[in-house]
Amino acid sequence: MSQAKPQPLPELDVDRVRSAFPGLATPWAFFDNAGGTQILGSAIERLNEHLVHRMVQTGGSYAVSQQAAASLQTGREGIATLLNAARPEEIVFAPAATVACQNLARAMASQFTEGDEIIVTVTDHESNIGPWMLLAERGVQFRFWAPNPETLELDLADLEALFTPRTKLVAVTATSNILGTVNPIPAIARRVHEAGALVCVDAVACAPHRAIDVQAWDVDYLFFSIYKTFGPHFAALYGRYELLAELDGLYHYFYGRDRVPMKLEPGNASYELAY
């Protein structure tokens, strides 16, 4: 039986793509995408729309305040769709991916006791290492998952050897910004959960290039940079709703555990950036 020939991909309209990014109208050629992409013109339009027409606080009964709240909710729904989260309330906004992980570590701190262990990789960005290392002040111990020296990839067998009964969390990158390796997150998450621990995934270097499905991947926490995926300087953290509900609040004392995800966005998320 003959196999059907693959259909050729449509030719990329480079001029049309470039025209979507106002910053590319300059004579500069930007090679610093690891530090942030150019922003889409449509994103700039949405920024301006919110700032001009809905620059008020949420929570009011009047129409403009309700529209501002809708802007923020629209942002959560958009990121939830992008990541295939179960609900928009599983999306927490932060100024940057590093801040998102720092906030998560702070909110999780009381869940750790002296002698508990966290596994981090040596192929990850510091944003998914440093925030966890601060928990050493609580007596948390750290184990380091190094890549196989032959393949330069993380080996599940090496992870297996790092687990102990005190392992509480594994922090791992989906795509290493150092090596470019793509890690098997579903397999890693499955083994971490079998060990009774949680997994936090840095998807900063993955999100610009590959689809992310937090439910299919079965991850507990995941964060990425919106400004590295053609948006403004902003970031998003995904967390399972039931886990976010158990985190300590970072906002005003009257934001109880049921105020998910706002209790994890001290000072409020930027409505216009979310929109």
Side-chain angles (χ1 to χ4, degrees), residues 5-56 58 64 66-85 88 90-100 125 127 173-182 201-214 216-217 222-238 265 268-275:
K5 294 182 179 180
Q7 296 298 312
L9 294 173
E11 186 175 347
L12 178 65
D13 187 343
V14 176
D15 290 337
R16 179 175 179 274
V17 172
R18 288 182 62 85
S19 68
F21 297 87
L24 298 184
T26 72
W28 286 88
F30 297 104
F31 290 95
D32 55 354
N33 277 12
T37 55
Q38 291 295 304
I39 187 172
L40 282 161
S42 55
I44 296 173
E45 292 171 2
R46 288 178 76 89
L47 275 165
N48 289 337
E49 179 188 343
H50 180 93
L51 291 171
V52 171
H53 299 289
R54 294 186 284 279
M55 189 59 180
V56 299
T58 62
V64 180
Q66 293 174 356
Q67 291 165 7
S71 287
L72 179 58
Q73 183 65 11
T74 295
R76 293 199 203 281
E77 292 171 354
I79 300 299
T81 298
L82 180 69
L83 303 181
N84 193 33
E90 293 183 323
I91 304 302
V92 182
F93 288 118
T98 299
V99 179
H125 193 285
S127 62
T173 181
T175 303
S176 173
N177 73 312
I178 300 171
L179 300 173
T181 50
V182 179
V201 176
D202 173 355
V204 172
C206 177
H209 305 287
R210 296 192 175 211
I212 295 172
D213 188 331
V214 292
W217 290 8
L222 178 145
F223 60 87
F224 77 102
S225 299
I226 294 173
Y227 71 95
K228 295 184 181 181
T229 51
F230 318 123
H233 201 111
F234 209 37
L237 166 72
Y238 158 82
E265 297 170 336
N268 291 334
S270 170
Y271 308 148
E272 64 271 21
L273 298 185
Y275 183 59

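Rounding to the nearest 0.5 Å gives a distance of 4.0 Å between CD1 of Ile226 and CD1 of Ile79. Put simply, CG on Leu82 and OG1 on Thr229 are 7.0 Å apart, with the number rounded to the nearest 0.5 Å. Here the CD atom belonging to Glu11 is positioned 11.0 Å from the CG atom belonging to Leu9, to the nearest 0.5 angstrom. In this structure, NE2 on His53 lies 9.0 Å from CG on Asn48, to the nearest 0.5 angstrom. In this structure, the separation between CG on Leu222 and CG on Asp213 is 10.5 Å, given to the nearest 0.5 Å.
Annotation: salt bridge (Lys or Arg N to Asp or Glu O under 4.0 Å) contacts of Glu49 (sequence neighbours excluded): Arg54. Applying the side chain to side chain contact (heavy atoms under 4.5 Å, CB included) rule to Phe30 yields the partners Leu24, Thr26, Trp28, Asp32, Gln38; only residues at least two apart in sequence or on another chain are considered. Partners of Glu265 according to the side chain to side chain donor-acceptor pair (under 3.5 Å) rule, which considers only residues two or more places apart in sequence or in another chain, are Arg76.
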Exercise. Taking it one step at a time, do His50 and Thr74 satisfy side-chain contact (heavy atoms from CB on, under 4.5 Å)?
Worked result: CA-CA 12 Å; His50 180 93; Thr74 295; over 6 Å; no
For this session: I would like to know whether Tyr238 and Ile212 meet side-chain contact (heavy atoms from CB on, under 4.5 Å); could you show each step before the answer?
Result: CA-CA 11 Å; Tyr238 158 82; Ile212 295 172; over 6 Å; no
For this session: Please step through side-chain contact (heavy atoms from CB on, under 4.5 Å) for the pair Asn268 and Leu72, ending with a clear verdict.
Result: CA-CA 10 Å; Asn268 291 334; Leu72 179 58; over 6 Å; no
Exercise. Could you go step by step and tell me if Leu83 and Glu90 meet the side-chain contact (heavy atoms from CB on, under 4.5 Å) rule?
Worked result: CA-CA 10 Å; Leu83 303 181; Glu90 293 183 323; over 6 Å; no
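Annotation: side chain of Val214 is not in contact with side chain of Val201 (no heavy-atom distance under 4.5 Å). No side-chain heavy atom of Thr173 sits under 4.5 Å from any side-chain heavy atom of His125.
Closest approach of Ile91 to Ala236, counting heavy atoms only: CG2-CB, 4.3 Å. The nearest pair of heavy atoms linking Ala269 to Phe234 is CB-CZ, 4.4 Å. When every heavy atom of Leu40 is checked against every heavy atom of Pro22, the shortest pair comes out as C-CD, 4.1 Å. Taking each heavy atom of Gln73 and Pro88 in turn, the nearest pair found is NE2-CB, 3.7 Å. Between Phe223 and Ala100, the shortest heavy-atom distance links the atoms CB-CB, 4.3 Å. Across Ala96 and Ala235, no two heavy atoms sit closer than the pair C-CB, 3.2 Å.
Exactly one residue among Pro232, Ser71, Ser270 makes a side-chain contact (heavy atoms from CB on, under 4.5 Å) with Tyr275. That residue is Ser71.
Between the Thr37 side chain and the Phe230 main chain, a donor and an acceptor come within less than 3.5 Å of each other. The backbone N or O of Thr175 sits nowhere less than 3.5 Å from a side-chain atom of Thr181 that would complete a donor-acceptor pair.
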